[in-house]
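Model, not experiment: these values are computed from the prediction. We use all heavy atoms of the structure for the numbers below, so side chains are in, but hydrogens, waters and symmetry mates are not. For ligands, and for the atoms within them, numbers begin at 1 and follow the listed sequence.
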Amino acid sequence: MNAFDLLYNFWTNVPLNMIITARVCMQISVFYNIILDQVSLINIPYYNMFMEENALLDPYEIRKDFPILERKVNGRKLIYLDNAATTHKPRQVIEAIVEFYTKYNANIHRGLHTLSQEASELYENAHEVLAKFINAYSWDEVIFCNNTTDAINIVAYAWGLKNLEKGDEIILTVMDHHSNMLPWRNVAKITGAKIKYIDITDDGILKYEEFEKKITEKTRVVAFPGMSNVVGTINNIKRIVKIAHEVDAIVVLDGAQSVPHTPTDVRAFGIDFLAFSGHKMLGPTGTGVLWGRRDLLEEMMPFKVGGDTIKDVTLYDVVWHDLPWRFEAGTPNIAGGIGLAEAAKYLTKIGMENVRKHEKELVEYTLKRFEEELGDEVIVYGPRNPDIRGGVIAFNIKDLHHHVVGKALDSLFGIAVRTGMHCAHPLHYRLGIEGTVRASYYIYNVREEIDELVNALKIISLQKEHIHEIYWKDVEGLICPTG
Ligand code: PMP
């Protein structure tokens, strides 16, 4: 028996009631924390011998770039499993932002002075980096905006209001995030277009045959997520594009979850628009990208207009600016864009294939450990096949409210997950559930964190009534905060 086994056995044999009662009653029980700190496996160098060989992506090395991972939460070392909501930022991204404000801060495209010229160049180069990241044809097809929601609103209004009319059809999916549903629904209301949905199987897989039957000559738009933020399903982009293009519908890919976690190639995909968020791929909050086919972007009416969107304005006329500026109204998030480019460079260095491989391994490992250790106590949603599942595991513990589980994971174990309906209410209604606990991974997550999650869930599940009694009052009434 090695040191790890000794510690593990010791910890798992400590009477559970004692642990929880001590923790809850005394908030920070010194004894409890000493034990848990000792089994905080990430702190134990020899635990690395359990690590699988992965020469190309070493999460232990990567972790060193993320200062926030050193943080303690509720007396425990932070285990951050809420990456589908937002990811942490490596010091390279943080430093790029600091450097911008320290050395180059000025408004872009407005000054002939040196700082403004330098800032403009840095910001334009950032577009170039993002264009390479998604294999766009050219940097000026890349529009920087606030986030995926913003990007989809731009397409829905700028393309939709010009091109849709009564009787046209927009096809969405039951698994869509509200950000890919509501803009299209609003535009449909204005234009008289009709919304149709592609359903999913009980395992969270799109019903492609149903899609083939539902699409008609009147379908003008097909919009769907590259990866579901709840059930984790990786959708078959090329299959959807082929079906949609047969009737000349445009394809809008919500890449909020797919771009940060899987390789993206807009040319190979054959899509018409792509929306994604910078903050979900190591970049700053308030950054996002809309990519579009040049011919479509050029014929689109600018949606938000004002400074920087024009070449000339007279009292009654306007000449719109070139791409992408005509869609980037007002002073943009310059530092954010530069930070986002740094994030894209960081991911490119690791390789998006490796990111996907790493997360697939974590998902496989989680599903296996859940089955072995929790059995029927845990209900997992989404496909069982890791080939079509990204690093997202939505689940429930039998007979325990998702918010209670989330609160207990945070308070007792320092594990950050998201709970609720994850801005995808229709998907939850389709699955017949009120909400889920969602663990979502990224490049810095390691197997040991999953072990800690599994151990924590075992304790929570064994202490169900007790846990409910303690935490229900904290979460009662929090029916799905913010979505
Ligand atoms: N689509 C999907 C699939 C998402 O997961 C999210 C974020 N959870 C969004 C859209 C919206 O992203 P943002 O909040 O960055 O606009």
For ligand 1, list all ligand N or O to protein N or O distances below 3.5 Å, rounded to 0.1 Å.
unit_1	atom_1	unit_2	atom_2	d
ligand 1	1 (N)	D254	OD1	3.2
ligand 1	1 (N)	D254	OD2	2.6
ligand 1	5 (O)	Q257	NE2	2.6
ligand 1	8 (N)	H177	NE2	3.2
ligand 1	8 (N)	K280	NZ	2.9
ligand 1	15 (O)	S277	OG	2.6
ligand 1	15 (O)	H279	NE2	2.7
ligand 1	16 (O)	N147	OD1	3.4
ligand 1	16 (O)	T148	N	3.3
ligand 1	16 (O)	T149	N	2.9
ligand 1	16 (O)	T149	OG1	2.5

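- Within the structure, side-chain hydrogen bond (donor to acceptor under 3.5 Å, both in side chains) pairs that include any residue of residues 276-293 comprise T86-H279, E141-W291, T148-S277, D272-R293, R293-D295 (at least two apart or interchain).
- Each of H321, H127, K304 was evaluated against E328; a single residue qualifies, H127, per the side chain to side chain donor-acceptor pair (under 3.5 Å) test.
- When the salt bridge (charged side-chain N to carboxylate O under 4.0 Å, His left out) test is applied to K407, no partner is found at least two apart in sequence or on another chain.
- For an aromatic pair to be called close, the ring centres must be under 6.0 Å apart, and F66 with Y80 fails this.
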When the side chains of residues 248-260 are checked against the rest of the protein, which donor-acceptor pairs come out under 3.5 Å, sequence neighbours left out?
unit_1	atom_1	unit_2	atom_2	d
D254	OD1	A256	N	3.0
Q257	NE2	A84	O	3.0

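- Note: H468 and H401 fail the aromatic proximity criterion, with ring centroids not under 6.0 Å apart.
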